[in-house]
Amino acid sequence: MDFDVIVRNGTVVTASDIWECCDIGIKDGTITAVGPRLIAAAGVQEIDAEGAYVTPGGVDTHVHLSQLDGLIPDLPNYVADTYDTGTRSAVAGGTTTVITFASQMKKDESLVPVIEEYHKLAKGQSYCDYAFHVIVTNPTEHIVEHDFPKMVEEYGITSVKLYMTYKPMKLRDYQILDVMYSARKLGITTMVHAENADIIDWMTEHLEKKLMTNPHHHGTSRPPIVESEATNRVISLAELMDTPILLVHVSSGHATKHIRDAQTRLLPIYGETCPQYLFLLADSMRKGDFEGAKCVCSPPLRENKVDQDAIWAGIKNGTFTTFSSDHAPTKWAHPNGKQRGLQHGNLPYGKFRYIPNGLPGVETRLPLLFSGGVLSGRITPQKFVEVTATNPAKLYGLKKKGAIGPGFDADLTIWYPQEMFEPFKLTNEMLHHAIDYTPFEGIEFKNWPRYTIIRGKVVFSHGQVVGQMGYGQFIRRGKSLLPGPRDVWLSEWRP
Ligand code: DUC
Ligand code: ZN
Ligand code: ZN
Ligand code: ZN
């Protein structure tokens with residue numbers, strides 16, 4: 001066979017198997033052979049992976065870049081990573097495909113200009129391959145009946161995200177049903193941010209009256225029941241409508257149990273969790289006077305290790321289909337000179353309600369789970385591949401991504417053989433994002449990708465980004481490859 005590149009002698013890991021001393025042959029950016037001792041013609045590029053794990057390139061299906069909407073409650077947004085800096089950071093952490101968000105504002109009457117706008121932001125700017133989800137904040141009849149089919153057929157976008165909280169974004173249950181009704185017909189996967197908006201608003205008002213405004217009271221305002229109630233409610237709406245949903249960024253044991261129970265009843269309910277819920281707890285929000293603001297995200301980091309253990313269990317037992325970063329970065333030093341969330345507070349240390357909700361993490365996602373999950377013995381290498389690459393690609397219809405086998409894109413991440421790797425403590429200076437802090441500062445890493453390869457081309461090598469901005473391509477997606485509607489009904493109602 002004729003190859004352009006051969007990756008030699010790696011320990012190749014898929015979602016089901018591990019093959020030692022295995023070669024991967026690549027032609028025109030596609031994997032064409034996997035097996036021992038592939039024969040190289042003269043001039044073939046060989047990459048030595050002796051003793052190293054070779055995994056499918058990471059597929060991060062929850063990344064916010066250059067987002068223009070109000071992710072931050074009631075404020076203009078400052079998502080500080082662009083397609084340039086965000087995807088540079090992605091490849092430096094072993095990720096080869098990201099799905100980012102094109103976000104409708106409530107005033108937008110059509111999704112077409114919204115999608116076109118995000119295409120402009122991304123085009124020629126990405127180091128890795130990318131696709132879009134659309135955030136729907138105003139599902140008018142025109143949008144769900146006219147723009148949704150266009151989105152699927154013309155733009156290759158087969159998933160939407162809905163919010164149950166945040167004033168500029170949230171949908172009522174009625175509107176969620178409008179979206180689900182259309183999504184079911186078109187084979188769209190609906191992602192849901194499930195938190196009870198009224199509890200959050202009520203708690204925030206009452207905490208402020210008691211001057212409980214420091215960053216960690218972000219967590220006080222949103223105890224696990226806030227997530228659990230909304231999760232249970234939206235699972236009910238999805239059951240009524242017989243349509244698949246994914247609960248994004250699940251943080252607590254209660255919500256995990258609702259998802260698990262729904263799956264046990266064979267509903268097409270999927271779950272996503274994120275590194276911050278496995279590796280951080282609410283005490284991170286209590287640091288310094290206001291420094292805890294660096295760790296404010298929604299749902300919040302949980303107080304209790306019981307929740308963290310439930311999230312680990314959910315990864316192991318298959319409740320969580322995907323493990324994503326939810327990279328939603330804002331800078332600690334705000335453009336107006338004040339720090340994250342301080343700029344609107346008239347109290348000495350500001351108010352948690354003005355702290356942007358979200359953390360940077362696209363670069364640390366894979367190394368955290370590889371080091372803290374695989375190398376610590378908590379999960380198998382196959383489980384790592386399943387939740388970081390294979391499932392995300394299948395759930396969102398990325399047909400040529402997320403696996404190692406003939407016909408798949410040659411997107412690979414190669415991990416140091418452990419005996420050659422000196423563990424280190426992370427500092428923000430090591431990262432490639434445009435953000436001035438990391439919530440994972442000081443955590444010890446036992447490993448890091450040595451190479452990131454996209455469609456046969458090395459884009460990250462020995463700590464250096466060697467790929468080019470603009471190499472990343474937009475990927476049109478097909479429908480989900482995981483189970484969808486079941487044709488099981490709660491009444492005579494049929495959509
Ligand atoms: N939800 C997200 O998905 N990302 C950041 C903030 C949020 O609430
Ligand atoms: Zn339209
Ligand atoms: Zn969210
Ligand atoms: Zn997000």
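Both counts, for ligands and for their atoms, begin at 1 and track the order of listing.
A donor-acceptor pair under 3.5 Å links the side-chain atoms of E227 to the main chain of S252, judged by distance alone.
The atoms of ligand 1 that sit less than 4.0 Å from any heavy atom of Y166 are 6 (C), 7 (C), 8 (O). Which parts of ligand 1 touch K161 is read off a 4.0 Å heavy-atom cut-off, strictly below it: atoms 1 (N), 2 (C), 3 (O). Of all atoms in ligand 1, numbered sequentially from 1 with element shown, those under 4.0 Å from a heavy atom of D326 are 2 (C), 3 (O), 4 (N), 5 (C). In summary, the atoms of ligand 1 found under 4.0 Å from a heavy atom of H193, numbered by their order in the structure, are 1 (N), 7 (C), 8 (O). Within the listing of ligand 1, atoms 1 (N), 2 (C), 3 (O) sit less than 4.0 angstrom from a heavy atom of H249. With ligand atoms numbered from 1 in the order given, ligand 1 contributes 5 (C), 6 (C) to contacts under 4.0 Å with heavy atoms of N357. Near S298, the atoms of ligand 1 lying under 4.0 angstrom from a non-hydrogen atom of the residue are 7 (C), 8 (O). Those atoms of ligand 1 that come under 4.0 Å of a heavy atom in A328, given as number and element, are 5 (C).
One distance of note links OG1 of T190 with CG of L246; it measures 10.0 Å at 0.5 Å rounding. From Y130, atom OH reaches atom OG1 of T87 across 9.5 Å, with rounding to the nearest 0.5 Å.
Ligand 1 lies within reach of H62, whose nearest heavy atom is under 4.0 Å from it.
Rounding to 10 degrees gives 110° for the angle at the Zn ion (ligand 4) between NE2 of H64 and NE2 of H62.
Residues I143 and Q104 come closest through the heavy atom pair CD1-NE2, 3.2 Å.
Of the candidates K331, H327, H432, H327 is the only one forming a side-chain hydrogen bond (donor to acceptor under 3.5 Å, both in side chains) with D81. Between D326 and the choices R365, Q276, H64, the side-chain hydrogen bond (donor to acceptor under 3.5 Å, both in side chains) rule is met once, by H64.
Looking at H249 and the Zn ion (ligand 3) together, the shortest N, O or S contact belongs to NE2. Closest to the Zn ion (ligand 4) among the N, O or S atoms of D326 is OD1. For H193, the N, O or S atom closest to the Zn ion (ligand 3) goes by the atom name ND1.
Between T452 and T96, some side-chain heavy-atom pair lies under the 4.5 Å cut-off.
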- request: Quick one: do H133 and F101 satisfy ring-ring contact (aromatic ring centres under 6.0 Å, His included)? Show the steps, please.
  value: CA-CA 5 Å; H133 308 290; F101 297 91; 5.1 Å; yes

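Among the backbone and side-chain atoms of K161, an N/O/S atom is found under 2.8 Å from the Zn ion (ligand 3).
Comment: E239 engages R265 in a salt bridge, judged by a side-chain N to carboxylate O separation of less than 4.0 angstrom.
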